[in-house]
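Just below is one structure, and these are the notes that go with it.
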Number of protein chains: 2
Amino acid sequence: MNGSGELGERERRAWYAFLTMQEDLRRHMNRQLLQDTGLSLADYAVLSTLWMQDDNTLRVYELRERLRWEKTRLTHQISRMVTRGQVERNPCADDPRGQQVALTPAGHEAITKAVPLHIEYVRRVFLDVVTPRQLDTLAVLSEAVLDNLGTGEDPADT
Amino acid sequence: MNGSGELGERERRAWYAFLTMQEDLRRHMNRQLLQDTGLSLADYAVLSTLWMQDDNTLRVYELRERLRWEKTRLTHQISRMVTRGQVERNPCADDPRGQQVALTPAGHEAITKAVPLHIEYVRRVFLDVVTPRQLDTLAVLSEAVLDNLGTGEDPADT
DNA sequence: CCTTCTTGGGTGACACATCACCCATCGACC
DNA sequence: GGTCGATGGGTGATGTGTCACCCAAGAAGG
């Protein structure tokens, strides 16, 4: 029922709640992270991904795949992080056009401090107020939406 | 179990799926909206809120409450939209410091075209792949997280 | 060898979001 | 009437995300 044109009350409520929650949460999370650790969410994403690597290093395109970011976004982000001394760019041995991105000592220290704080934060503001059953539903739902998004055409940049 | 420090597999999966979905969805949604209607998500939020008003007009602070935005964000957004001719600022009759924000004819036309397209889009990429039960769970979950967020201290700007 | 396509990466301009800070007016209290 | 905090709104700088576009080095085919 109500196949198009407008949203039913049930749908409207859920969509609005989700949108609002998601925005507020991201804003709140970013602020908290910035205050506690001096890192933005974008910094955190990049640093923690490198950090999980044995040698704290990744090719740019590998980093891009793990983060699911677009080219330009990552390029700009890396450039900013280089000026802040969090990561460094190194030429790639086996591919002349390739670039390696590596954690600097400063970046390593920053992310090492930030991770436990951030995990504790996520638990406090999110995981602690969600039941396990809700959590599972959210996971299934999220994966379904992601799958469905992938079905469309890609913007050819990624 | 696993009270802190690290996330369990169940938690990690759900959190990651949610984060990824939310980011991808917002990006995808913004791009779609921009292509189909020339409006950004921020534009859409402002315009549709004004549009729902009888006189297509709101005080800035009322707009702020409905959108749950911060002061500066809305001020800047309105300024940009004024230069684009989507809305206009008018002095407020009863309060010398107040400002009224009103839809321009161009803004009205844009949002009138955009709303059905956007609703149809939301249905296609989101609502259609989520079961009613999942949707209800999402609503409850979102409202719980929102509630919990509000419990902390506010940054005094809002 | 020479074109042509793809891939890895980058740049500059611009929209958006946040921070620190400012100004004017209202309202309350003395 | 004068001070003072709260309220409504704004500015400038900086960080972040996206778009359009560019360049160099492989890869594929003739």
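Throughout, a chain's letter reflects where its sequence line sits, starting with A, and its residues are numbered from 1. Please read all numbers here as calculations on a predicted model, not as lab measurements.
Without hydrogens or angle criteria, E109(A) side chain to A106(A) main chain gives no donor-acceptor distance under 3.5 Å.
With hydrogens and angles left out, the side chain of R97(A) and the base of dT7(C) share a donor-acceptor pair within 3.5 Å. Residue-to-nucleotide contacts include a donor-acceptor pair under 3.5 Å from the side chain of H76(B) to the base of dG12(D). Under 3.5 Å, the side chain of R31(B) and the base of dT18(D) form no donor-acceptor pair of N or O atoms.
Side-chain contact annotation: R89(A) with S79(A), donor-acceptor N/O pair under 3.5 Å present.
In this structure, of dG10(D), dA17(C), dG17(D), it is dG17(D) that holds the atom nearest to the side chain of Q77(A). For R73(B), whose side chain is taken as the heavy atoms from C-beta onward, the closest listed nucleotide among dA17(C), dC16(C), dT18(D) is dA17(C). Of all nucleotides listed (dG8(D), dT18(C), dT11(C)), dG8(D) comes nearest to the side chain of R59(B). When each of dC26(C), dT18(C), dG10(D) is scored by its nearest atom to the side-chain atoms of R89(B), the top-ranked nucleotide is dG10(D).
Partners of F126(A) by ring-ring contact (aromatic ring centres under 6.0 Å, His included), not counting sequence neighbours, listed by chain and number: W15(B), F18(B).
Here R26(B) lies out of heavy-atom contact (under 4.0 Å) with every strand. Heavy atoms of R84(B) sit under 4.0 angstrom from primed sugar atoms or phosphate atoms, though from no base atom.
Contacts classified as salt bridge (Lys or Arg N to Asp or Glu O under 4.0 Å) and involving residues 18-29 of chain A (residues at least two apart or in different chains) are given here: D24(A)-R27(A), D24(A)-R68(B), R27(A)-E70(B).
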